[in-house]
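All values below were derived from every heavy atom in this structure, side-chain atoms included, with hydrogens, water molecules and symmetry-related copies excluded. A quick note: this is a predicted structure, and the numbers were derived from the prediction, not measured. Naming convention: chains lettered A, B, ... in sequence-line order (proteins, then strands); numbering from 1 in each chain.
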Protein chains: 2
Amino acid sequence: MKIDRTVVRSLALFDKMADADLDRLLSHATSRRIPQGEAVFEQGQEATSFFLLLHGRLKVTQVTEDGQQIIVRIVHPGDLFGFAKALRRSDYPGTAIAAAESVALSWPTEIWPDFVEQNPRLAVTTMQTIGQRLEEAHTRIREMSTQEVERRVAHVVWRLCQQAGKREPNGIRIDFQISRQDIAEMTGTTLFTVSRILSAWEARGLVEGGRQKLLVRDPEGLSQLAEGAKE
Amino acid sequence: MKIDRTVVRSLALFDKMADADLDRLLSHATSRRIPQGEAVFEQGQEATSFFLLLHGRLKVTQVTEDGQQIIVRIVHPGDLFGFAKALRRSDYPGTAIAAAESVALSWPTEIWPDFVEQNPRLAVTTMQTIGQRLEEAHTRIREMSTQEVERRVAHVVWRLCQQAGKREPNGIRIDFQISRQDIAEMTGTTLFTVSRILSAWEARGLVEGGRQKLLVRDPEGLSQLAEGAKE
DNA sequence: CGTACCCTTGAGGGTAGTCAAGTGGAGTGG
DNA sequence: CCACTCCACTTGACTACCCTCAAGGGTACG
């Protein structure tokens with residue numbers, strides 16, 4: 001399948017790559033449409049491909065043996081994901097589900113070494129990405145250890161604002177369907193607590209809720225909450 | 001400073017490396033003794049070196065702006081640590097403190113590229129290491145989200161058993177000084193709760209405590225607790 | 001022997017989890 | 001177009017786990 005290089009040219013990941021190299025890379029790629037609610041891959045499944053999200057939004061989840069679920073991260077357009085093999089894992093550690101209609105490129109894991117070799121920048125970028133991911137995880141651990149729920153929720157919503165926010169007349173819209181349950185799984189709490197917190201915020205004019213919708217009316221106030229402002 | 005290659009030869013990291021290459025690598029290294037309680041590097045400090053722990057035990061900690069502290073991980077002999085630059089960070093994200101008298105090799109960060117280039121195995125191993133680290137972090141997040149404190153403490157102690165355990169007539173000794181506070185900072189709880197839990201375990205014959213000491217008398221029982229056995 | 005520092009234990013209270021019941025919006029099918 | 005159903009969400013009551021604070025004991029070390 002031929003993929004037009006202009007589609008990916010705008011991504012930071014590829015912006016320094018020569019057209020010829022890029023074409024060669026893309027010649028091995030296949031494009032895939034993922035309808036909302038469908039999984040790109042499932043936890044424990046053998047890792048046969050790695051991916052690049054072009055459009056849409058994914059939730060990466062993990063479930064424990066006893067059925068509890070958490071959201072590991074949200075994949076945004078331009079992010080690499082599912083590169084388990086790069087970390088020498090043979091299976092995917094989590095499940096990637098489309099939170100919105102999405103489009104991703106995929107490559108067979110076998111070509112990962114070529115992928116990296118042909119473009120050393122990629123190796124560096126990948127390292128950085130994983131490093132960032134590790135830092136984020138540590139931040140999350142720190143927050144879960146030391147901060148109370150409301151502040152953690154504020155932080156998550158604030159980050160979603162920056163990574164998936166869309167300007168609207170009344171504030172910033174989180175640009176994909178996200179439930180209270182999702183937010184709970186991102187912050188280590190329950191959907192009830194999240195609901196109560198959002199209700200309280202709505203009463204204060206900070207946000208505006210809805211079924212799987214969220215509009216932040218006062219980003220400034222939210223950020224202050226996330227930073228630990230007393231009230 | 002000349003470092004004898006036999007010192008590091010036994011480490012998995014180097015076991016496939018030719019003597020000549022190893023010598024070249026070691027020619028750039030300096031050895032450093034860290035007395036108990038002293039820091040190898042501090043959080044926020046510019047990353048000028050990366051390290052390999054030869055002997056002893058380190059605690060890597062992070063502090064939040066408001067002074068709360070957590071233990072990110074324990075460094076065991078044979079582990080690489082402080083390779084911030086590999087992740088394109090200019091400063092160390094945490095503080096590394098010697099929990100016991102320790103010895104580490106250090107290299108200037110500038111030679112990291114050479115380090116990796118001369119031995120591709122190292123690049124792979126490092127990737128793996130970081131990947132593992134990321135997985136551990138996610139495990140920890142999952143546990144903090146879904147499990148209660150006692151089980152988290154059981155899990156941490158169980159892992160310390162495996163990574164820093166020393167057989168003794170009555171059980172397995174955690175082979176370095178570790179306080180209740182330390183365990184609290186590893187599990188996201190308080191020293192009071194840890195103390196209570198350990199006391200309860202001691203009453204059940206699971207462990208034997210002491211001032212900064214811990215002996216696991218019933219590893220089997222502990223592992224069951226960590227796995228979620230009801231009682 | 002004195003003095004830190006680590007640990008233990010108790011009492012009390014608050015944050016957030018659990019459970020239950022009910023509301024309302026979105027989508028579906030008649 | 002309307003009724004029906006499903007499911008996300010809300011809200012209340014209750015509970016409990018664990019944090020906070022306070023006081024005291026034990027152990028290592030100078």
So does [Y] get a backbone contact from the side chain of [X], meaning a donor-acceptor N/O pair under 3.5 Å?
X	Y	result
B:S102	B:R57	yes
B:Q45	B:E42	yes
A:R151	A:A226	yes

Partners meeting ring pair (Phe, Tyr, Trp, His ring centres under 6.0 Å) with B:F192 (sequence neighbours left out):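 Result, ring pair (Phe, Tyr, Trp, His ring centres under 6.0 Å) vs B:F192: none returned.
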Any side-chain N or O of A:T190 less than 4.0 Å from the OP1 or OP2 oxygen of C:dG17?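 Looking at the OP1 and OP2 atoms of C:dG17, one of them is under 4.0 Å from a side-chain N or O of A:T190.
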So does A:T193 get a side-chain nitrogen or oxygen closer than 4.0 Å to the phosphate oxygens (OP1/OP2) of C:dT15?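 Checking A:T193 against C:dT15: no side-chain N or O falls below 4.0 Å of OP1 or OP2.
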Charged N to carboxylate O under 4.0 angstrom, A:R89 versus B:E135?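 Salt bridge flag = yes for B:E135 with A:R89.
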Any residue in residues 140-149 of chain A with a heavy atom nearer than 4.0 angstrom to DNA chain C? Just list them by number, or reply none.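 Result for residues 140-149 of chain A: A:E148, A:V149, sorted by number.
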Grab the two heavy atoms, one from A:F50 and one from A:F83, that are nearest each other, plus how far apart they are.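 For A:F50 and A:F83, the tightest heavy-atom pair comes out as CB-CA, 3.8 Å.
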Of all heavy-atom pairs between A:R73 and A:D79, which one has the smallest distance, and what is that distance?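 For A:R73 versus A:D79, the nearest heavy atoms are NH1-OD2, 3.9 Å.
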Do nucleotides 2-12 of chain D as a string where each nucleotide becomes B, S or -: B if the base has a protein heavy atom under 4.0 Å, S if just the sugar-phosphate does, - if no protein is that close. -----BSSBBB
Are B:E208 and B:E202 close enough that some pair of their side-chain heavy atoms sits under 4.5 Å apart?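 Yes. Closest side-chain heavy atoms under 4.5 Å.
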Within this structure, what is the [atom1]-to-[atom2] distance between [X] and [N], rounded to whole angstrom?
X	N	atom1	atom2	value
B:E150	D:dA16	CD	P	17 Å
B:I197	D:dC17	CD1	P	12 Å
B:L214	C:dC6	CG	P	16 Å

